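What follows is a short report on a single structure.
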Amino acid sequence: MSEYYIGVDLGGTKIYTALADEKGKIISGNKMATEADKGEEVIINNILASIESVIEDSGVAKKNVEKIGIGSPGPLSVRKGIIYETANMSWEKVTIVEIMEEKTALSVKLENDANAAALGEKWFGAGKDIDDLIYITVSTGIGGGIVINKRAYHGFDGAAGEVGHMIVEPDGPQCGCGNYGCLESLASGTAIAREGKKLVKSEQVETMIREMSSNDPEQVDALLIAEAAQKGDKIAQDLYSKAGWYLGIGLANLINLFNPEMIVLGGGIMKDKELLDDSLEKSLEDRALPSSLKQVNICKVKLGDEAGVKGAIAVAMEEKLLS
Ligand SMILES: [Zn+2]
């Protein structure tokens with residue numbers, strides 16, 4: 001008898017749910033609005049509706065669904081199956097595993113979204129056949145997941161792998177977490193944009209960023225700065241170089257600590273990875289232990305927009321994949 005698995009990629013704006021066969025191939029999928037501002041009951045009902053919809057569209061009998069994997073932003077407890085809170089979502093301390101198991105009569109497993117994406121890349125993406133990898137996503141923030149011996153490393157309560165809050169500059173700018181000089185405060189899209197905005201405000205520096213944003217700091221984002229850099233603007237290139245340099249420090253720390261075989265880089269900023277490459281490589285060479293640096297393959301994600309849902313499917317399938 002065939003077994004099927006459901007992955008739920010729970011986000012602040014949308015829920016992406018898919019049903020896959022035992023090889024991880026997606027058979028049916030569904031995207032719907034999270035309606036995050038409407039509170040716990042509405043969000044739970046939307047998740048349930050998306051699950052029912054993928055089962056119905058697939059034609060698979062519900063009894064053949066083995067497990068549901070949920071990838072969610074944290075902080076959360078994998079052990080207890082509780083989501084403590086989620087930025088931009090009006091709920092807190094939700095016993096999601098218990099609730100979903102009761103309502104669906106299926107087995108449910110919870111995972112932090114970055115760990116889920118790391119597992120997705122490990123099993124279905126860039127990291128097939130790789131046992132030890134680190135996944136890093138660089139977009140408005142910086143997140144990550146550490147896979148050790150084929151399993152996501154959770155730490156005591158599921159909060160491990162917060163690579164964005166690794167301190168890379170003790171006197172650096174303040175991070176969203178309250179600390180100073182976290183990698184996220186120096187190499188994320190938000191950090192790159194913050195420096196670009198400052199330049200436009202200062203009115204001293206000649207840069208295309210100024211014209212492209214019509215001299216309005218509010219129009220400046222990482223994407224606009226990337227465009228200016230690609231057109232040859234030295235100042236914009238420097239902003240990306242600086243972010244790449246800090247990213248190199250972060251990666252060197254991870255390489256020295258974990259000796260991974262692969263580091264998979266994803267997120268919006270990595271679409272313009274070539275703007276970071278020179279300074280990133282230089283920074284890595286200066287800091288990573290040479291023997292470990294030689295062994296690591298640093299590459300881009302393979303799963304793209306499906307990383308979240310494929311990751312959630314990997315969470316559901318984990319025991320089978322490991323067997
Ligand atoms: Zn931080």
Side-chain angles (χ1 to χ4, degrees), residues 10-13 36 71-78 82-89 92-93 111-118 134-147 152-198 220-223 225 239-258 260 263-270 272-273 276 279-280 283-284 287-288 298 301 307-308 311:
L10 176 61
T13 52
S72 164
L76 51 79
S77 170
V78 171
I82 295 175
I83 300 173
Y84 294 124
E85 58 178 298
T86 312
N88 313 319
M89 270 162 95
E92 59 181 305
K93 224 172 173 201
E111 184 60 271
N112 154 314
D113 54 359
N115 281 347
I134 296 174
Y135 163 85
I136 299 175
T137 171
V138 186
S139 55
T140 51
I142 295 183
I146 298 162
V147 175
Y153 179 69
H154 295 116
F156 172 63
D157 199 22
E162 288 285 359
V163 298
H165 301 290
M166 181 179 3
I167 295 143
V168 292
E169 184 75 91
D171 299 320
Q174 193 168 24
C175 177
C177 74
N179 208 338
Y180 291 85
C182 294
L183 184 60
E184 181 167 299
S185 74
L186 289 153
S188 65
T190 310
I192 295 169
R194 180 196 63 224
E195 295 305 308
K197 284 179 210 271
K198 263 193 224 164
V220 178
D221 59 16
L223 203 66
I225 298 169
L239 293 182
Y240 267 80
S241 284
K242 206 174 149 206
W245 189 76
Y246 280 114
L247 199 59
I249 297 179
L251 261 55
N253 285 333
L254 292 168
I255 289 168
N256 296 349
L257 274 174
F258 292 101
I263 294 181
V264 196
L265 299 171
I269 295 300
M270 283 304 146
D272 299 303
K273 182 170 172 289
L276 305 164
S279 59
L280 173 62
S283 175
L284 267 176
R287 289 176 182 80
I298 298 171
V301 288

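Source: prediction; values computed, not measured. When a ligand or atom number is given, it counts from 1 through the structure's own listing order.
A distance-only check finds no donor-acceptor pair linking the side chain of S283 to the backbone of L280 [under 3.5 Å]. Proximity of a side-chain donor or acceptor of E184 to a complementary backbone N or O of G141 within less than 3.5 Å is not detected. The main-chain N or O of S185 is found under 3.5 Å from a side-chain atom of R194 such that the two form a donor-acceptor pair. Counting only distance, with no hydrogens or angles, the side chain of T190 and the backbone of T140 share a donor-acceptor pair below 3.5 Å.
Closer than 2.8 Å to the Zn ion (ligand 1) sit the protein N, O or S atoms H165 ND1, C175 SG, C177 SG, C182 SG.
Few gaps surround CD on E169; more than 12 heavy atoms of other groups in view lie less than 6.0 Å from it.
A heavy-atom distance below 4.5 Å is not found between the side chains of K273 and L247.
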